[in-house]
Structure formats: C-alpha cells, structure tokens
Protein chains: 2
Amino acid sequence: MIFDSEIDKVVRGGTPLTETRPWKALEAHYLEIRDVHMRELFAADPDRFSRFSFELEDLLFDYSKNRIDETSIRLLIDLARASGVGEAARAMFFGEKINWTEGRAALHVALRNRTGTPIEVDGEDVMPGVNAVLQKMKGFSEAVRSGRWLGFTGRPITSVVNIGIGGSDLGPAMICEALTPYCDGPQVRFISNVDATDFVEKTRDLDPAETLFVVASKTFTTSETMTNAHTARRWLVDGLGDEAAVARHFVALSTNREAVEAFGIAPESIFEFWDWVGGRYSSWSAIGLTVALAVGFAGFEELLEGAHVVDRHFIEAPLEENIPVLMAMLGIWYRNFFGASTRAVLPYDQYLRRFPAYLQQADMESNGKSIDRDGCRVGYATGPVIWGEAGTNGQHAFYQLIHQGTELVPCDFIGVINSHNPIGDHQQKLVANCFAQTEALMQGRTADEVEADLRIQGLDHEEIQELLPHKVFAGNRPTNTILIDRVTPRSLGMLIALYEHEIFVQGVVWRVNSFDQWGVELGKVLAGNILGEEKRLLAGEEVDLDHHDSSTRALIERFVARRIQG
Amino acid sequence: MIFDSEIDKVVRGGTPLTETRPWKALEAHYLEIRDVHMRELFAADPDRFSRFSFELEDLLFDYSKNRIDETSIRLLIDLARASGVGEAARAMFFGEKINWTEGRAALHVALRNRTGTPIEVDGEDVMPGVNAVLQKMKGFSEAVRSGRWLGFTGRPITSVVNIGIGGSDLGPAMICEALTPYCDGPQVRFISNVDATDFVEKTRDLDPAETLFVVASKTFTTSETMTNAHTARRWLVDGLGDEAAVARHFVALSTNREAVEAFGIAPESIFEFWDWVGGRYSSWSAIGLTVALAVGFAGFEELLEGAHVVDRHFIEAPLEENIPVLMAMLGIWYRNFFGASTRAVLPYDQYLRRFPAYLQQADMESNGKSIDRDGCRVGYATGPVIWGEAGTNGQHAFYQLIHQGTELVPCDFIGVINSHNPIGDHQQKLVANCFAQTEALMQGRTADEVEADLRIQGLDHEEIQELLPHKVFAGNRPTNTILIDRVTPRSLGMLIALYEHEIFVQGVVWRVNSFDQWGVELGKVLAGNILGEEKRLLAGEEVDLDHHDSSTRALIERFVARRIQG
C-alpha cells in the first residue's frame, strides 16, 4: 500500500523499531561505549583514521572522531540493513511512489541522471522531459548571458532577481553564493520574505530595463512569492511604463501554466517541473534556472554531475562503505542513543556561509515528523535541529557551548583546502582552525594538563583550585570532517547530494515520510484567516474575534490599533 | 570570595540546586502541568492574556501561550528569588566582580547609564571615563559623517569597514543591519572571518581613498582580526602608495595602546574601553563606533536610551513583573523541566534577520558552561542551543519540525507592527503569519478536526484513515511574542537589553559564570600549533606530527599534499 517494494514487507506492520534486534543491540552497545573516551580509542588503534574514513573523488569523509568502534559501525549498519535502506534507495531510484501520503515519487535523482538511462513513473520514462527542460534552460540562460535576450527597451539583462521561498529560494541562493567565483553572468539576488523590506532592499539600486525576475513557485499560488511577484510586476510596469514589458522581464518556474499566463508571462517563458520534484530537492530542476543564469549552463551541469557521482556511490556502494549511509547512521547513533537534540554544521568557507540555512530545510522539513508508516506516533526521536554558521566566526560565538556546555552537539566540519582568494596565510589559518577544533573537541584537556599549565603561569595553590575546573575540557565531543579540495560546482553538487541521501536514509530508519510537509499547512490556513480579519478591521468593519484565544485576539487588536497606515 | 554580596551567602556552598525546595516544587508541579493542553488553559480563563503579558513603553511581552498557570509562575519566581536574582542584579549594577574567574566586574549597564549616577569599580567611578569615550565617539563620528575627516588624499570617507570577530562583529553588524532605515552616513561593512573571501568580497568595489577601517579587538591580538587588519593595511597602502595613509584610514577600538600604535594608528584614533566590558556585551561601548558612524551619534544614544529603559525596569520591577526575569524563568522551565535542548528566536522583520546569530553568541557563550560557583560540575542542563531565521522564511524551512517533530522547541516570536517599507499588504501578511504561527503552535489540530475536513474534501474512509495521523497537530507548543511598534534605535536597544538580562538571570539560577569563556581557549592554542606545523611542512621542513591523533595528522598531511600554492 505504501510503496510496492521489498521495503514494505520489511517495515510495515512489523516490529516496533525500538523492539527490533539491531536497535536492542545498539542500546546494549551504547552502555559499553558511553564512558569510553575517544582519546583511548585513538591511542589503542594506530589505524583508526584509515579504518574510519572514505574518499570519493576529491572529497574526504573522516568519521574517525566519533564515539564508535568497529562494533558500533557493524551494529549501525545492521540497523540500516534491517530497515531496508538498500531496498528503499532502489525504490527511490526506480520511481516508486515513496512519498506515500501524497502518492508521488521523489525523483530528484532523475534530474541529475547524466547517463540518461530511463527512469519510469507510472510506466512513463521521465528522462526525455527532464532533458527537454534542461535544453530549454540552456537555451534561455545562454540567451540572457550573451545579451541576445533583451529587455523591453532593448537593453540586455544585467540583474536577475529570483522570487521564491523555501526550496525555491534556499537551495539556489546557497548555491549561487557558494559559486560566487564562477558567477560571470548577470548579478543575481533572491527575494523570499513577504516582508516588503526584502523587496525594497534588493531592488533599491536596480534598473527595471535591465532586470529579469524569475518567479519560482510550483503552484504559482505561494502567498509570499506571489505577493512579491505582484510587487515586482508593479515596480517593473511603473518603471517601464507599459504592461507589455512583463513578458520580457518575467519568467516562471512552475507547473501551473494557467496562472502563469494570467500573470502576463509568455508560455515559452515557463520552465516546468513535475510533482515528483519536492521543493527542498528542486535546485536540480528548473528551480535551478537562476543558478544557470549566474554561473552558466556548463557550470549548472557540473553541479548535476557532482550530485550524480554521489547518486551512483549511494546506490552502488555496500552499506558499510557508503558515505551518506554512514553519515545517517552516525546521526541516528547520537540522536537516538546519546540523546543529542541538535547537530551543528560548520562550513570553514565563507562562500558556504548559508549552507546550514539550506540544510535546515532539507533536513528538518524532511524528518521533523512523528508519524510512522503505519500511521502511528513514533516512540523515539526523529530529525534533530540543524544549525550552524561559518567557521571561524562560530568559534567566537557559540563554540563555548559545544566545548563546555551540558549538551552533546555532534558537529560536521566542512573544510576546504584551496581558497578562491589566496591571500597571505589566511587559508592556512582557516584550515588550521578547522582541524584544531576537531582535535580539541575530541581530546579535551584534563585537570592534570590544566594544573601543570597554571603552575607554569605562576598561580598559587588556591588560585589554581579556584580556576582549574573552569579550564578543563571533557572532550569526547564527536565530529565528522568533510574535506574537499576546492568549492567548485562539482564538489558542491556532491556535498548537497551527500546530505540529501543522508536525510533519506534517516527517514527510512525512522519510518517517516521524508517527502511530505503537512506541518506547514495549519499556519497557512490560520494566517489567511487572520489576514482577512485584519483587513476588515482596518477597513472599519466589525469583526468577531471571539473564536481566537485571548492572546491571538489581543495581538490582532493591538496590530490594528497601533498601525500607522502607510 | 566570588563576589562580596548577599548572593554569595545564598548560593555558595549551599544546597545543590536540584535539591532546593523551589526546584523540588517545580518538579512536582511539572508532573501536574505536563499533560495539560494550553487550549484548556485558555478556555478556562478569559483573562489569560492580560494575566500573562506586560508592556514596557511600546513593547508588549506576551507570555500567555506558555505551558504555565499562576502556580507555575509563582514557583518559577520562588526559584529566582531563592537563587538571589535580585541581589545578583544589584551586584552587577554596583560594579561588583561578578565575573569571578577573571576577577572582573561586568558593567555593560554603566555604558548606557543615562542618568550619570556614579558606578564604582575598585572605589573609582567609571562614569567619567564612559562619558569621555562617548564624547570622543560623538566627535569622531560627526567629523567623518560631515566630511570634515578626510582620507589621505583629501577625499571624504564614503565606506566604513569594521574588522572584528565575535562580540566585535555580531552586535554591531546586527545593529547596523537592523537600523538600515536610519543609516544615513557612509556605507558600513563587516569583515570577521579569517577566510580571505570575506575580505575580498567586502572590499571588491571599494576605493581605498574613501575607506575607513575600524579595527575592533580588545587585546589587538585576536588572530582573525589582526590577520584581516594587516591584509586591509596592505590593500590600503598598495592602493594609496604611502604608509603614512594608515593613520587617516584606520582607527582602533582597543585597550592595547602599544600594539595599536605599532600598527600605525594615531594615538588619538584609539577608542578605549575597559576590562569590565565583555566582548559579547560591548556594542554599547567604543565597539559601537561603527554603529555611530552609520546612524549618527544621536541614533547611537537612542540605542543606549532603549537599553537603559530596560536596565531600570530590570533593577526596579518586582521579580514577578520583571520581563527579563520572566523570560529567563520560562527558559529554565522548558530547559530543565520539559527537557528542551534548544530555543528558536524568530524575528518577523527582515532587518532583524541576524538577530538570532547575534543572540547565539550572547546566550551560548554566556551560559554554555557546566561548572558552577563551587567549582563543581552541574547536575542539570544549562544554556540551550539558540537558533532561528527570519519569518516567514523559517515557515518554509524548519517550522515543520517545530509543529510536528518529536522535539519540543520553545520559540520567541518577535513581531513588528509598522514596517519601514510599507508596500501594499505585505506587512499585514507578515504580521498575520507571525500571529497565526503562535496560534497554530498553541492550538494544534485534533484528529476530529482533521477528519471533518478530509470528509468535506470527499476522501473515503480508507483514505482518511491513511492520511489523518499525518495531518494532526498536537499543538501545546509554547511561544513568547515580543511585539514592538517599529524597529527603531530605541526599541532595538530595549530588545537587546531584555535578552542580556534574561541570560544573566539564567546564569545566576544555574550558578555559572556568564561572563567568562574559557571554552574558546583550547581551540586557539591547538590552531596555533597546527598553523606552525603547516607552515613548516609547506616550507619543506620535516615535522613530527606524531603527537596528534591519526585523524588530525592525516588531515594536516592531506592539506599540505593537496594544496595548490597561490
């Protein structure tokens, strides 16, 4: 019923997850390893790094600084296997409707299927459609970038403004910033927030005659996006003095042709995608058009190539050598056995600054669920809170808590060997900090080490006793290090795809649907209600607010009373 | 010994926190309220909003959508009182050395002491010094803004670049962005990351002849900041062709006069502060110079005024009517009794976009500790992970998890009634979303409600049973709403000070020193070691890396081997 593959038999209606043999084995093993310090593990095994690291092209995944031994990995992989991770991955790649609550496939892997092998949904190969849209993106992005596509007044496009939110914003915006050194086309900006400030600040210095708006909304009804799109439309028409200009300055990434055409966008300026492309997995689809405009289509294809490399690795490598599977199972290890509620993602590259924000949606919207495949409430923790900022900035902000707080925060360090901006020894310092933090988090600093140090500094006994406990670092804080040679479209594609599949694997083990997002619906409905009430109140109508709780009612009343109408 | 006030008697060497009477009472009360739904609490008490909300000037603090009743608040305030919160606050305001591990006062309240009443540290009134620096900031910012201060080639300053990290960056950067509508001076930018990309991207389009660098480092030795400062110095000298230009294009915010002068900065261009100004509490000091340059000194004073309003409220209001105390104790309620590991801060204003990043340092560096005043490891959770992004963007990213995940995430919604950019109905929509989310998180949506809805949509019994559990929202998710009329320097000053005092109160209850940050030291030392090793390896020297664990060693070797020397 959920999806017609082996996985269904394995999971549905079976033993509760926490009662399965592999889970029980992990619980027992956790008690053994809980008090083992990674210092000891490294000391006992000179080969620990090579034992617990893998390479994929120029990417190194070092997971040796985790609270694991070989038994841990064997048991975690047992759990993955018993959860049907391999079967589930094949179901995804074969176009099965693994998004069962919406009756859809989740086929982002088809969008970067560079071999062109057929992938069928409902008996139809999706690849010709995928490739046709890619060709259309190629043609359009080249026309704009070369100056062949002209604005309404005959001038070429120098600025592209992407209007979208969630998956239509976070992925493309993160990718464009990450690939800044490759951006040789029109400048690109992203407007997402319904707050008019976002629109005003991003368009303040733009010339409508040279600006192209890319409106990204699957349904073309997303409230924030359509509000911004209509404001952009007015801005453009006011600037150029003609409604007819819209067709030269707007394109749409959408599946709703009718609404797009009603907006004034030409049918040939619609870039389509399909119901099997989830918003947070859509950067590889037409939603990536802004990326192609910024870095060129060849760069966009390199991004797809990188993701495809990881797709092949994910579907082909044995589970115990499978990087996304290992990432996923380590996440589960900390989430479900060590009780970690969060996970920090710490890119040591300024261009990857927004990677954590992108990943928040990718991960938290996918696995922030509590209903399993049987429709039952889960009896275990699912998706953690994902957070982070660029290193070294984070070191001067929140690393204090990671080192010495009461909360265990497993961290992913994303290091980059070569900078696009090699100046002096900046990069050596940056990388030294990245490595040193993983070392410090693992090693810690014992009371004896601190005491010796304070003695050298000349402190007396009483001073040492007072200060010592504050300067001790327990260490034993787990980290992964993902190290790439350089941020390129290809390595970025790999990085994103690794996390996508990691999220997928966790969803399979946790038995949740990683591809729906019912939890965003209620707020939308209530916001629509409140907006209507605000408008009627501001128009002087009487509105009965008694169906609201007293807080929401008071907030609405205060807004209406204290609003200075602009 | 720690600090000479009543609080010392109350806390030090006394009963362990979790054994105190108020803590025990809260534990018992938690069991009573754990399963109570806020829906019931609102239904039972028509006055719930007015009972659980306070106003301070134009700021509304609505804490009625929390899992509390009057007993909860009474018991939480009992705990605050027994923890000596009032005494500790007075100790802070009176200049006592409450940062006991460093033997320092923590006197950010003196920086915004607009009444000028004397505040003594070691028997000396600090206010004349504070006011003298403020006057100097006034004079300098007015000289630059008016064009009286000229660059080396005789041109006025049009761009200010702040070079700092942590507290010398996050506060001023957040404030400048928040106050964008008030920025009528030179454009300001912030460089913090040692990644050269940060420097390159921020200076790409700047003209050295019109650029002023503000180097913010208390010690003038912070590695990241000094690396960027030296790169800036070279960029400037290369651009203007004369070492002597440095004195017209660099100012320093520092206590280390000698190092500053050695850099080439004129003694009169040093803006000093004091050891009782902690980095993360320093925006109110000379560290705020960039803010004053951006918005003008009058705006900077308004920021101080706003903070001072909150300072007075904090020190004067009874604990049960004290907004920062209530914020703090609600945080403790969820952290220690409901087991919440994180707290989301969600500003519904694009200009406040970086407020959560600022708050990460303010909170997590302050209370991410695990050693109490007696030098003992705490037996309870301290500072949570703080995270968040601007609404409505977060709604399309991670709200799924907040609504339907397995983790309880208490949220602060920061709403703003009036936009600086009133366009169409953007603001009404933004505010409607803010209120609707708090309503949705509180109310949830029951199975009966979902079922009725699905029936209307025409789904059959089996379809309804399949989908229903996924569309249920448990609700009962706690939120605070802080609602201000508009983002102004004054309201922003209030907002920041509210959180500062909240953090302080939590530190007092948790018995940690909120003003040190020993947890950042170890990584610095190890980074220095690794940097030295990298450099020697890159110079072709043999270096013994055996003192590192095999992971750190392999990472260093890979960096050296795969680095393309630029």
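Chain identifiers are assigned alphabetically (A, B, ...) following the order of the sequence lines, protein sequences preceding nucleic acid strands; residue numbering begins at 1 within each chain.
- Glu439(B) touches chain A through backbone and side chain together, each having a heavy atom under 4.5 Å away.
- Heavy atoms of Val416(B) lying under 4.5 Å from chain A are absent altogether.
- When heavy atoms are compared at a cutoff of 4.5 Å, Leu522(A) approaches chain B by way of both its backbone and its side chain.
- One N or O on the side chain of Asn418(A) and one on the backbone of Ile564(B) form a donor-acceptor pair closer than 3.5 Å.
- With a 4.5 angstrom heavy-atom cutoff, Ile402(B) does not touch chain A via any of its atoms.
- Using a 4.5 Å cut-off between heavy atoms, Pro384(B) contacts chain A through its backbone alone, with no side-chain atom that close.
- Between the side chain of Gln350(B) and the main chain of Thr197(A), no donor-acceptor pair closer than 3.5 Å is present.
- At a 4.5 Å heavy-atom cutoff, the contact between Asn433(B) and chain A is made by backbone and side-chain atoms alike.
- Contact of Asn393(B) with chain A is made through backbone and side chain together, with heavy-atom distances under 4.5 Å.
- Side-chain N or O atoms of Glu365(A) include none that pairs as donor or acceptor with a backbone N or O of Gln400(B) at under 3.5 Å.
- The backbone N or O of Val194(A) sits less than 3.5 Å from a side-chain atom of His426(B), completing a donor-acceptor pair.
- Residue Leu441(B) does not touch chain A at all, counting heavy-atom pairs closer than 4.5 Å.
- Only the side chain of Phe473(A) comes within contact range of chain B, with at least one heavy atom under 4.5 Å from a heavy atom of that chain.
- Interface remark: Thr342(B) contributes side-chain atoms only to the contact with chain A (heavy atom separation under 4.5 Å).
- Between chain A and the options Gly532(B), Gly523(B), Ala340(B), Gly279(B), heavy-atom pairs under 4.5 Å are most frequent for Gly523(B).
- When heavy atoms are compared at a cutoff of 4.5 Å, Ser168(B) does not approach chain A at all.
- Looking at Glu224(B), the atoms closer than 4.5 Å to chain A (heavy atoms on both sides) all sit in the side chain, from C-beta outward.
- With hydrogens and angles left out, the side-chain atoms of Thr552(A) and Lys65(B) include a donor and acceptor closer than 3.5 Å.
- Neither the backbone nor the side chain of Phe52(B) comes within less than 4.5 Å of any heavy atom in chain A.
- Of the two parts of Ser366(B), neither the backbone nor the side chain holds a non-hydrogen atom closer than 4.5 Å to a non-hydrogen atom of chain A.
- Of the two parts of Gln443(B), only the side chain, counted from C-beta on, holds a non-hydrogen atom closer than 4.5 Å to a non-hydrogen atom of chain A.
- For His230(A), no part lies under 4.5 angstrom from a heavy atom of chain B.
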